[in-house]
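For reference, the structure discussed in these notes is given below.
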Amino acid sequence: MPAAAGTTCRAKHRHDDSGAGFLPMRIVAIANQKGGVGKTTSAVNLAAALALAGRRVLLVDLDPQGNATMGLGINKQALARTIYHVLVEQAPLGEVLHDVSPAGLSLAPANADLSGAEVELVDLEARERRLKAALDALETPFDYVIIDCPPALNMLTVNALVAAQSVVIPMQCEYYALEGLTQLLATIRRVRSQANPDLQVDGLLRTMFDPRNRLANEVAAELEKHFPDKLYRTVIPRNVRLAEAPSYGRAIMEYDRQCSGAQAYLGLAREFLQREESR
C-alpha cells in the first residue's frame, strides 16, 4: 500500500529519543561489488531489526534482481511502479512505497525493469543524483533509509553513494575479500571528492562466518588489524534459517527469531544504533 501523503513531518527529519527534537534522516548504503556476500540479507534484516527497535525505516531495493523485494513478500513481477520509475521518469518516491512486515518498515521495490536504468540514465540530467533528489522530496517521515545496492560499481551504486551519508560493507572472510574492499573504498573516495563530501564508511560487517574455517579467521584478523575502528563487533554466522527466510517472504526475525542468524542481526541493529547515538 502506498505511503500516506501530506504528513506534517518531512522525510529528512527523524525524531531524537533524547528529546532534543528532530535529527536529519540517516541514509545508509549497503554496498559491495562482489556478489554472494550477504548484502541483500544484511540490508533486509538490518532494516527489519531497526523497525523492531521502534524506528521508521525505508528499504530501497536498488538491485535489478529484486531479491530484497521478494524477500519481504512482494511479487516483483506484478509491480506496476518501482524504483525504476523514480530514477528514470522522476515519479514521486512516495507513489511506489509498500508497507511490509514488521510494522514500521516500508519498501521501495525493484524488478528487472531496473536493469535498463543503467543505460537510460546515461543521457539524463543529474543522472548520479536521481535517488538523492527523490529522497529529498519524500514527505513520509523516516528515521533511516537503507539502500540495497547491486553487486557492481555502476550508476545505480553511484546513485546510492551520492544519496547516502554512510556505507555498511558486508563481506565474507575469504581470499578475494580484501581486494574487493580496496576497489570499493577507492570508489567511495572518488564519490566523496566529486559529489558527496560527507560520505563515510559506517563499518565493515563480517557475514556467513564459520569460525571453524582457518582462512576465515585469518582474514578476520587482517580486518581487525587494518580497520579496528570500522569493524562491527557483531559477526553474522552461516545459518540455514537465514537462507530459508527469503523464500517465505519474511525477515529472519519473523521467520525464526531464536535462530543464531536472527540474534546476530538484532545484535547488529543494537550496535548500529549505539554508534549512531555516539555521533
Side-chain angles (χ1 to χ4, degrees), residues 28-51 57 59-72 105 107 110 144 146-153 156-157 160 164 166-181 183-185 188 201-213 215-220 222-224 227 230-257 259-272:
V28 182
I30 312 295
N32 192 323
Q33 76 275 19
K34 191 176 185 304
V37 298
K39 177 181 56 59
T40 296
T41 297
S42 296
V44 167
N45 290 305
L46 175 58
L50 290 171
V57 185
L59 176 62
V60 177
D61 190 350
L62 214 59
D63 188 341
Q65 297 176 87
N67 288 339
T69 298
M70 293 189 301
L72 286 172
L105 178 60
L107 171 72
Y144 294 98
I146 305 296
I147 307 171
D148 182 29
C149 297
L153 298 178
L156 295 173
T157 299
S166 61
V167 186
V168 171
I169 305 174
M171 53 190 302
Q172 275 186 273
C173 293
E174 58 179 21
Y175 182 73
Y176 293 110
L178 295 177
E179 180 181 357
L181 176 61
Q183 295 172 358
L184 178 56
L185 292 176
I188 291 171
V201 175
D202 249 350
L204 310 178
L205 176 65
R206 291 163 287 184
T207 59
M208 293 182 278
F209 189 79
D210 184 349
R212 299 168 298 179
N213 184 306
L215 178 59
N217 284 290
E218 289 176 355
V219 174
E222 285 295 306
L223 291 173
E224 291 170 357
F227 304 96
K230 293 296 184 182
L231 195 63
Y232 282 106
R233 297 188 305 275
T234 303
V235 177
I236 310 301
R238 283 197 177 275
N239 181 243
V240 172
R241 305 296 271 176
L242 273 176
E244 292 174 347
S247 65
Y248 291 87
R250 302 169 75 183
I252 187 60
M253 284 71 68
E254 298 205 308
Y255 180 62
D256 184 354
R257 187 164 183 149
C259 75
S260 61
Q263 293 302 306
Y265 277 110
L266 289 168
L268 174 64
R270 288 192 294 270
E271 185 176 358
F272 177 90

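Computed from a predicted model, the values in this text were never measured in an experiment.
- Shortest non-hydrogen contact noted between A29 and A164 is N-CB, 3.9 Å.
- Contact record, A264 with I236: CB-CD1, 3.7 Å, taken as the closest heavy-atom pair.
- Put simply, CD1 on I147 and CG on L156 are 11.0 Å apart, with the number rounded to the nearest 0.5 Å.
- Residues A68 and L59 share a closest heavy-atom pair of CB-CD2, 4.2 Å.
- Put simply, the side chain of N32 gets close to the backbone of P170: a donor and an acceptor are under 3.5 Å apart.
- Contact of the Q65 side chain with the P151 side chain is registered, since non-hydrogen atoms from C-beta on lie closer than 4.5 Å.
- Between N239 and S260 the shortest heavy-atom distance is ND2-OG, 3.1 Å.
- Counting only N and O atoms by type, the side chains of T207 and Q172 include no donor and acceptor under 3.5 Å apart.
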Inset, instruction - Let me see the working for I169 and L185 under side-chain contact (heavy atoms from CB on, under 4.5 Å), right down to the final yes or no. - result: CA-CA 10 Å; I169 305 174; L185 292 176; 4.1 Å; yes
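- Taking all atoms of both residues into account, the shortest heavy-atom contact from T234 to L205 is O-CD1, 3.7 Å.
- Scanning for ring pair (Phe, Tyr, Trp, His ring centres under 6.0 Å) contacts around F227 gives an empty result, with sequence neighbours left out.
- In terms of modelled atom types and a separation under 3.5 Å, the side chain of T69 and the main chain of A110 share a donor-acceptor contact.
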Please tabulate, for the side chains in residues 40-51, all donor-acceptor contacts under 3.5 angstrom to protein atoms that are two or more places apart in sequence or on a different chain.
| from | atom 1 | to | atom 2 | distance (Å) |
| --- | --- | --- | --- | --- |
| T40 | OG1 | D148 | OD1 | 3.4 |
| T40 | OG1 | D148 | OD2 | 2.8 |
| S42 | OG | G38 | O | 2.7 |
| S42 | OG | Y265 | OH | 2.8 |
| N45 | OD1 | I252 | N | 2.8 |
| N45 | ND2 | T41 | O | 2.9 |

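- At least one donor-acceptor pair closer than 3.5 Å links the side chain of Q263 to the backbone N or O of R257.
- Judged purely by atom type and a 3.5 angstrom limit, N213 uses its side chain to pair as donor or acceptor with the backbone of A216.
- Atom CD1 of residue I146 and atom CG of residue L105 lie 9.5 Å apart, to the nearest 0.5 angstrom.
- Counting only distance, with no hydrogens or angles, the side chain of T157 and the backbone of A152 share a donor-acceptor pair below 3.5 Å.
- The distance from atom CD of Q33 to atom NZ of K39, rounded to the nearest 0.5 Å, is 11.0 Å.
- To the nearest 0.5 Å, atoms CD (E218) and CG (L223) are separated by 12.0 Å.
- The two residues S166 and D202 come nearest to each other via the heavy atoms OG-OD2, 2.9 Å.
- In this structure, K34 pairs ionically with E174, as a charged nitrogen and a carboxylate oxygen lie closer than 4.0 Å.
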Inset, instruction - Verify salt bridge (charged side-chain N to carboxylate O under 4.0 Å, His left out) between D256 and R241, making sure each step is shown before the conclusion. - result: CA-CA 7 Å; D256 184 354; R241 305 296 271 176; 2.9 Å; yes
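- A donor-acceptor contact shorter than 3.5 Å links the side chain of K230 to the backbone of V201.
- Within the 4.5 Å cutoff, no side-chain heavy atoms of L242 are placed close to those of Y255.
- A distance-only check finds a donor-acceptor pair linking the side chain of N217 to the backbone of P211 [under 3.5 Å].
- Here the CD-CD1 distance, from Q183 to I188, works out to 12.0 Å after rounding to the nearest 0.5 Å.
- Between the side chain of R206 and the backbone N or O of Y232 there is at least one donor-acceptor pair closer than 3.5 Å.
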